[in-house]
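Input: a single structure, listed below in structure tokens.
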Amino acid sequence: MTITLITGATRGLGREAARRLLDAGHDVYLAARDPARGRQAAADLGARALELDVTDEASIAAAVERVRAEVGSLDVLVNNAGIGGQQLPPEQATTADLRQVLETNVIGATAVLAAFTPLLELSAAPVVVNVSSSVGSLAINSQPQTGWSMLAYPMSKAALNMLTIQYAKAYPRWRVNAVTPGLTATDFTPATAAAGHPVEEGAEVIVRMAQLGSDGPTGTFVDADGPVPW
Ligand code: NAP
């Protein structure tokens with residue numbers, strides 16, 4: 001059975017991806033920083049609850065040890081946990097917010113990926129899905145008429161995209177891709193939820209890229225319709 005781990009899966013896109021991948025027959029570790037909410041979500045869906053705060057090295061190490069002891073390897077890692085931060089334009093942004101957003105969205109994802117690398121290497125067909133955003137696209141933001149006036153969050157997703165490219169090159173046997181769910185109505189988007197699509201739709205690209213075979217693409221950035229410019 002395919003062993004899959006999804007970070008930040010208590011709610012929103014991570015939880016929906018967990019639900020769908022369980023339906024597809026994966027054995028899913030539903031990872032959550034809050035153990036009680038993680039246990040509840042895992043019980044609701046029939047997943048394995050796993051405590052994992054992506055900003056806490058000890059928590060990551062303990063999660064790796066548990067997966068190693070229970071199943072011995074990891075086939076699919078979905079780096080989904082993320083925060084938006086204050087979403088302020090450059091002139092108002094603070095370094096405190098920048099630190100917090102980068103700590104979760106970039107350092108956290110990188111630390112989780114590095115820690116689980118030995119278990120992914122033991123898989124016959126390792127797959128990594130980094131849940132990014134078109135908000136992090138340098139190409140879209142550099143157009144005069146498009147883009148978002150924010151600092152921390154776009155910077156974090158641009159860096160996550162670079163993590164994707166570097167890992168895809170370093171581990172050619174793996175499938176490592178960045179995906180953007182598009183504007184999705186979750187707790188993440190309280191102000192814009194009305195304009196966003198439902199979580200079932202947003203999770204589609206995460207679920208599809210989590211099920212790639214070893215002949216699938218790697219080092220790509222995609223949404224539901226195909227490639228997104230870096
Ligand atoms: P959400 O509903 O706010 O869920 C975020 C999840 O991340 C929660 O489970 C949260 O856990 C978890 N999380 C936050 N910090 C964490 C940490 N330090 N360790 C472990 N888990 C942590 O947001 P969402 O909309 O589902 O977003 C999921 C991903 O999609 C994010 O990476 C986001 O950037 C990306 N994305 C979202 C949209 C959108 O429109 N919604 C668009 C593009 C990309 P708690 O429950 O404990 O807070």
Side-chain angles (χ1 to χ4, degrees), residues 5-20 28-42 44-45 47 49-60 62-63 77-87 97 99-113 115-116 128-137 140 148 150 152-161 163-164 177-207 209-210 221-224 228:
L5 189 158
I6 306 173
T7 63
T10 50
R11 53 202 169 96
L13 289 158
R15 181 186 167 111
E16 176 62 13
R19 188 183 72 76
R20 296 273 296 278
V28 174
Y29 279 95
L30 186 153
R33 60 179 163 180
D34 182 300
R37 278 188 290 125
R39 274 195 302 274
Q40 184 62 58
D44 291 348
L45 299 180
L50 180 69
E51 184 174 344
L52 202 179
D53 182 335
V54 305
T55 64
D56 180 338
E57 296 280 351
S59 166
I60 297 171
L77 172 64
V78 180
N79 268 319
N80 168 76
I83 58 171
Q86 296 174 331
Q87 309 202 351
D97 183 54
R99 281 203 177 87
Q100 204 180 358
V101 172
L102 295 183
E103 188 65 42
T104 303
N105 298 3
V106 183
I107 313 288
T110 307
V112 169
L113 186 45
F116 277 99
V128 176
V129 180
N130 290 326
V131 182
S132 183
S133 171
S134 51
V135 175
S137 164
I140 295 173
W148 295 263
M150 289 181 235
Y153 185 67
M155 284 176 71
S156 76
K157 293 303 187 181
L160 186 66
N161 286 355
L163 176 72
T164 305
N177 294 286
V179 305
T180 173
L183 182 61
T184 306
T186 66
D187 297 343
F188 196 87
T189 52
T192 48
H197 48 219
V199 74
E200 293 79 6
E201 212 174 304
E204 186 70 40
V205 69
I206 303 174
V207 171
M209 297 306 276
F221 181 26
V222 293
D223 66 10
V228 176

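Counting convention: from 1, in listed order, for ligands and their atoms alike.
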[X] and ligand 1 - part of the residue with a heavy-atom distance under 4.0 Å:
{"X": "Asp53", "result": "both"}
{"X": "Arg37", "result": "side chain"}
{"X": "Leu13", "result": "both"}

Quick test of your reading of the structure: of [options], whose heavy atom lies closest to [atom]?
{"atom": "atom 39 (C) of ligand 1", "options": "Thr10, Asp187, Thr184", "result": "Thr184"}
{"atom": "atom 35 (C) of ligand 1", "options": "Val78, Val131, Val135", "result": "Val131"}
{"atom": "atom 38 (C) of ligand 1", "options": "Gly202, Gly82, Gly182", "result": "Gly182"}
{"atom": "atom 44 (C) of ligand 1", "options": "Ala109, Ser59, Ser132, Ala31", "result": "Ser132"}

Could you tell me if the side chain of [Y] sits less than 4.5 Å from the side chain of [X], heavy atoms only?
{"X": "Lys157", "Y": "Thr180", "answer": "no"}
{"X": "Trp148", "Y": "Ser134", "answer": "yes"}
{"X": "Val106", "Y": "Leu163", "answer": "no"}
{"X": "Glu16", "Y": "Arg19", "answer": "yes"}

Heavy atom of [X] under 4.0 Å from ligand 1?
{"X": "Glu16", "result": "no"}
{"X": "Thr189", "result": "yes"}
{"X": "Ser134", "result": "no"}
{"X": "Ala32", "result": "no"}

Nearest protein heavy atom with distance in Å, relative to [atom]:
{"atom": "atom 43 (C) of ligand 1", "result": "Pro181 CD, 3.5 Å"}
{"atom": "atom 32 (O) of ligand 1", "result": "Asn80 O, 2.8 Å"}
{"atom": "atom 1 (P) of ligand 1", "result": "Arg11 NH1, 3.9 Å"}
{"atom": "atom 34 (O) of ligand 1", "result": "Tyr153 OH, 2.6 Å"}
{"atom": "atom 47 (O) of ligand 1", "result": "Arg33 NE, 2.9 Å"}
{"atom": "atom 19 (N) of ligand 1", "result": "Val54 N, 3.0 Å"}
{"atom": "atom 21 (N) of ligand 1", "result": "Ala81 CB, 3.5 Å"}
{"atom": "atom 23 (O) of ligand 1", "result": "Phe188 CB, 3.3 Å"}

Quiz item: Would Tyr29 and Phe116 count as a close aromatic pair, with their ring centres under 6.0 Å?
Solution: no

Quiz item: Counting only heavy atoms not in Gln100, do more than 12 sit closer than 6.0 Å to its CD atom?
Solution: no

Quiz item: Which value, rounded to the nearest 0.5 Å, describes the distance between Asn177 atom CG and Met209 atom CE?
Solution: 3.5 Å

Practice problem: Measure the spacing between OG of Ser132 and CG of Asn105 and express it to the nearest 0.5 Å. | Solution: 9.5 Å

Exercise. Measure from the side-chain N and O atoms of Thr55 to the backbone N and O of Thr104, and report whether any donor-acceptor pair falls under 3.5 Å.
Key: no

Quiz item: Distance-only, no hydrogens or angles: does the Thr186 side chain make a donor-acceptor pair with backbone N or O of Phe188 under 3.5 Å?
Solution: yes

As an exercise, identify every atom of ligand 1 less than 4.0 angstrom from a heavy atom of [X].
{"X": "Ser133", "value": "43 (C), 44 (C)"}
{"X": "Gly12", "value": "2 (O), 26 (O)"}
{"X": "Leu183", "value": "40 (O)"}
{"X": "Thr186", "value": "2 (O), 23 (O), 24 (P), 25 (O), 41 (N)"}
{"X": "Leu52", "value": "19 (N), 20 (C)"}

Quiz item: Between Arg20 and Glu200, is there a salt bridge with N-O shorter than 4.0 Å?
Solution: no

Self-check item: From Thr10, Ile6, Leu45, residue fulfilling side-chain contact (heavy atoms from CB on, under 4.5 Å) relative to Arg15
Solution: Leu45

Quiz prompt | Test applied, side-chain contact (heavy atoms from CB on, under 4.5 Å); reference residue, Asn80; option that passes from Asn130, Thr7, Val179 | solution = Thr7

Exercise. Search all heavy atoms of Gly202 against all heavy atoms of His197 and return the closest pair with its distance.
Key: CA-NE2, 3.6 Å

Quiz item: Which is it for Val78 and Val131 under the side-chain contact (heavy atoms from CB on, under 4.5 Å) test, yes or no, and what are the steps along the way?
Solution: CA-CA 7 Å; Val78 180; Val131 182; 3.9 Å; yes

Quiz prompt | Nitrogen or oxygen of Thr180 less than 3.5 angstrom from that of ligand 1 | solution = no

